[in-house]
Amino acid sequence: MPDQANRKQAIWSDGRDWQAADATVREAIDASPHRDEFMAVLATFTAKANRHETVSVRWWSAPRVYVGVDDARHEYPFNGRALVSFDLTNGKWASHDSEHRYVFARRGWTTFIGCLIGYSPPVYGERSGREADAAMSAPAGTTPITVTGRAQPFSGFRRHWLSNGWFIDGATRRSAYLGDHKYTLYEPGGHPSGCAGLRGSAPTLNLALAIANGQQPCGRASFGCRKLAIGYRPVMVHGREARVYYCEDHAPAPEAPAVPAGRTRHNLPGFARAIAPLPKPRAIEAGTR
Ligand SMILES: [Zn+2]
């Protein structure tokens, strides 16, 4: 819990962004021609924050920075009271002049954020008492994660927010795909830099949602299979164990022969490559990933 002294100071992430020559966000802002405007606005955030709220500054993806307000009294993701991007290239806050921008506010911060950006920010809701009660009474880990609300349009992708605060980005251009996969699953703040951490990818929204729920698509998903895995084959890829997941349709024969030498990953299922003789398949136990 932040004390009186802390709340007058923003917390600066010490994550480094390779796109900013491995600078921390503080180093990049100190070197920016927009430093003074940024620090003046940041001071208004910390002045407004109540004693339960903390203001933090972190990289989104250089040259963009996030300033966020969190309140530890609320459960995740409702602890996020406001978030707004700052573009180091033009010194603007979630501006339509920036190629990428991001902003939201919750109760208590909507007017402040609206004045800062010059338009009404998306206002995210609060957890209702009934939702809170349902979450508390459900056995841990059994509440399915679902897609909430409408997808937010961005340049090159559409963002689908999930009920656990994670999100799935659906590419709207082939160049934004991750490999063969149109949908990528992220946990906000899940990367050590403070940016969103990649948690998986899939060719369909439903399969990406299944990953969020701890399930695995069949390794043939890139080739059109839409079933969930019932087991996996451990394989060695560049000296590390990886897994090739399979559904009931694509399970290997009980005594699958080793892959003949000379075959490449292009004619093997999923992401398997440079495969050593196949170890025995393993079933996925209920409730595990
Ligand atoms: Zn399959």
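Counting starts at 1 for both ligands and their atoms, in listed order. Side chains are part of it too, since the values below use all heavy atoms of this structure and drop only hydrogens, waters and symmetry mates. None of these values were measured; they are calculated from a predicted model.
The distance cut-off of 2.8 Å around the Zn ion (ligand 1) captures these protein N, O or S atoms, sorted by chain and number: Cys218 SG, Cys225 SG, Cys247 SG, His250 ND1.
Note that the OG1 atom of Thr44 and the CG atom of Leu116 stand 7.0 Å from one another [nearest 0.5 Å]. Annotation: the span from Thr110 atom OG1 to Tyr124 atom OH amounts to 14.0 Å, rounded to 0.5 Å.
When every heavy atom of Arg158 is checked against every heavy atom of Ala151, the shortest pair comes out as NH2-CB, 3.5 Å.
Ring pair Tyr232/Tyr246: centre-to-centre distance not below 6.0 Å. Between Tyr245 and His250, the gap from one ring centroid to the other reaches at least 6.0 Å.
Qualifying ring-ring contact (aromatic ring centres under 6.0 Å, His included) partners for Phe45, counting only residues two or more places apart in sequence or in other chains: Trp109, Phe112.
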